[in-house]
Number of protein chains: 2
Amino acid sequence: MTTTAGASRASERAQAALREAILGGELAPGAHLGEVELAERLGVSRTPVREALARLAAEGLVEAHAHRGARVVSFSPEDLDGIFDVRLALEPRATGRAAARATAADLDALDDLAARMLAVGTRGPAQDLDALVGLNREFHARLLDVAAAPALSAALGNVVHAPVVLRTFHTYDPASLARSLAHHAEIVAALRAGDADWASSVMRSHLGNARAVMVGSRS
Amino acid sequence: MTTTAGASRASERAQAALREAILGGELAPGAHLGEVELAERLGVSRTPVREALARLAAEGLVEAHAHRGARVVSFSPEDLDGIFDVRLALEPRATGRAAARATAADLDALDDLAARMLAVGTRGPAQDLDALVGLNREFHARLLDVAAAPALSAALGNVVHAPVVLRTFHTYDPASLARSLAHHAEIVAALRAGDADWASSVMRSHLGNARAVMVGSRS
DNA sequence: CCCCGGTGGGTTGTACGCAAACTAGGGTGC
DNA sequence: GCACCCTAGTTTGCGTACAACCCACCGGGG
């Protein structure tokens with residue numbers, strides 16, 4: 001579901017806003033989330049905030065301890081490793097499926113994303129690692145969408161969301177970053193060739209590269 | 001009172017009750033879930049029901065269409081197949097991890113579960129397929145717990161819950177059912193031997209057997 | 001000096017009420 | 001006779017008020 005528009009319901013806007021704030025690092029892991037504070041901040045009452053919080057909790061982005069309120073989840077290095085285990089088990093499979101299903105429009109969109117990532121990711125005056133974060137998320141989301149495997153997407157959904165996983169382009173060293181960007185383009189090339197094996201292999205490499213960066217960084 | 005102790009919050013009780021009702025088949029897939037009806041049925045106001053519904057939606061058990069209310073999700077054969085893909089990708093891995101981590105207490109508990117499943121699952125006067133459903137869920141949950149892989153559990157959590165997946169012992173033919181029960185015992189044996197490869201192989205067989213039953217049954 | 005019970009402030013949990021949105025049914029115009 | 005619009009009913013979405021609960025601080029007792 002690519003519907004980013006509407007959000008006629010305030011609870012959806014609240015949920016989206018909170019997710020962006022958490023994923024964007026605006027709300028640090030472990031930060032206490034008061035309902036009234038969030039309600040004022042978002043210009044709605046506590047009720048939709050509450051609902052959004054409940055959904056995010058079920059989604060694994062925040063954890064709610066009894067009457068003590070909600071906190072942004074934080075991840076240990078072991079958790080991070082586990083997350084990559086899951087991604088390695090599922091994403092290459094999804095990428096392979098995508099190879100057989102991608103339409104021309106899909107390929108063009110992915111190509112565009114990969115190109116833009118390369119533009120803002122390459123060292124120089126135009127480098128913008130924060131923009132890269134968003135593009136990267138969009139790329140992987142679109143890829144998952146193309147795979148058309150709802151169960152697979154659902155399984156990954158509550159795992160990849162991990163804030164740390166998606167915000168670590170800042171910790172990439174130049175060589176690893178260059179590899180990562182190249183992988184995106186190569187994945188699209190493999191999809192264009194319709195080669196599922198090639199595509200999934202690149203994705204495995206992509207994740208291996210990311211895992212190496214992150215277990216070494218130990219932020 | 002099927003839902004354990006705790007649950008000081010009415011919303012948790014509501015969520016647990018709804019989940020049981022859905023997983024237990026009391027609420028059929030596609031059934032319309034009215035908030036007032038559920039509120040009266042559970043003896044609480046609409047607010048906790050609403051919250052419970054929101055969490056179950058994020059969990060993937062129900063789907064809420066705009067202002068049209070919530071419905072119990074229903075699964076197509078393709079969805080089912082996708083679910084088994086995910087399970088096959090993740091559960092054998094978890095089982096392998098469990099082989100290296102299971103304590104004596106874990107093994108005894110799993111053994112007990114396997115034995116009880118065999119008791120209520122074997123053809124005869126004591127056969128109780130409904131009890132089998134609960135035991136099976138407990139067995140797999142415990143196994144996942146022993147694996148101590150939070151991300152893996154989270155990924156599976158929102159997928160396995162699928163009502164159809166957990167309620168299909170009724171559709172097993174005698175031979176498949178016997179195999180399934182034997183697999184549980186064999187898994188414990190493999191764990192006791194500390195043989196991760198053996199354990200994960202049995203789990204793969206277990207899932208393969210289940211998949212074969214379900215794609216053929218088309219309930 | 002340390003430990004324990006009491007109390008106050010603040011937060012969450014639940015209930016209720018109102019307004020908007022969707023659905024369905026009947027009536028009218030073409 | 002058919003299609004469209006309008007209206008009534010029901011349900012959801014949100015706001016607000018009250019009650020329960022937890023935590024921190026403070027005073028008294030051992």
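Everything numeric in this text was worked out from a predicted model, so none of it was measured. Each chain gets a letter, A, B and so on, in the order the sequences are listed, and its residues count up from 1. Only heavy atoms go into these numbers, but all of them, side chains included; no hydrogens, no water, no symmetry mates.
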## Note on the structure
Per the under-4.0 Å heavy-atom filter, residues of residues 36-60 of chain A near DNA chain C come out as A:Arg46, A:Arg50
### Task
Would you kindly give the CD-to-C1' distance between A:Glu12 and D:dC14, to the nearest whole Å?
14 Å
### Task
Answer yes when B:Arg137 and B:Glu20 have at least one side-chain N-carboxylate O distance shorter than 4.0 Å, and no when they do not.
yes
### Message
For a 4.0 angstrom threshold against heavy atoms of chain B, report the outermost contacting nucleotides of DNA chain C in 5' to 3' order.
### Response
C:dG13 to C:dT23
### Query
What pairs with B:Asp111 under side chain to side chain donor-acceptor pair (under 3.5 Å), at least two apart in sequence or on another chain?
B:Arg192
### Listed partners of B:Leu129 passing side-chain contact (heavy atoms from CB on, under 4.5 Å), at least two apart
B:Gln127, B:Leu132, B:His170, B:Leu177
### Message
Strictly below 4.0 Å: does A:Ser11 bring a side-chain N or O up to OP1 or OP2 of D:dC14?
### Response
yes
### Task
Please identify each residue that fulfils salt bridge (Lys or Arg N to Asp or Glu O under 4.0 Å) with A:Glu51, with sequence neighbours left out.
A:Arg55, B:Arg50
Please enumerate all protein N or O atoms sitting under 3.5 Å from an N or O of nucleotides 21-25 of chain D, with distances to 0.1 Å.
{"from": "D:dC23", "atom 1": "OP1", "to": "A:Arg68", "atom 2": "NE", "distance (Å)": "3.2"}

### Summary
Residues passing the ring pair (Phe, Tyr, Trp, His ring centres under 6.0 Å) test with A:His140, sequence neighbours excluded, are A:His184, A:His206
Please set out all donor-acceptor pairs under 3.5 angstrom arising from side-chain atoms of residues 141-151 of chain B, sequence neighbours excluded.
{"from": "B:Arg142", "atom 1": "NH2", "to": "B:Asp106", "atom 2": "OD1", "distance (Å)": "2.9"}

### Task
Hey, could you give me each pair passing salt bridge (charged side-chain N to carboxylate O under 4.0 Å, His left out) that has a residue in residues 92-101 of chain B? Not counting sequence neighbours.
none
### Summary
So salt bridge (charged side-chain N to carboxylate O under 4.0 Å, His left out) across residues 57-66 of chain A, not counting sequence neighbours, yields A:Arg19-A:Glu59
### Message
Quick test of your reading: applying salt bridge (charged side-chain N to carboxylate O under 4.0 Å, His left out), list the pairs with at least one residue in residues 71-81 of chain B, sequence neighbours left out, ordered by first then second residue.
### Response
B:Asp81-B:Arg211
### Query
For A:Asp128, what residues pass the salt bridge (Lys or Arg N to Asp or Glu O under 4.0 Å) criterion, not counting sequence neighbours?
none
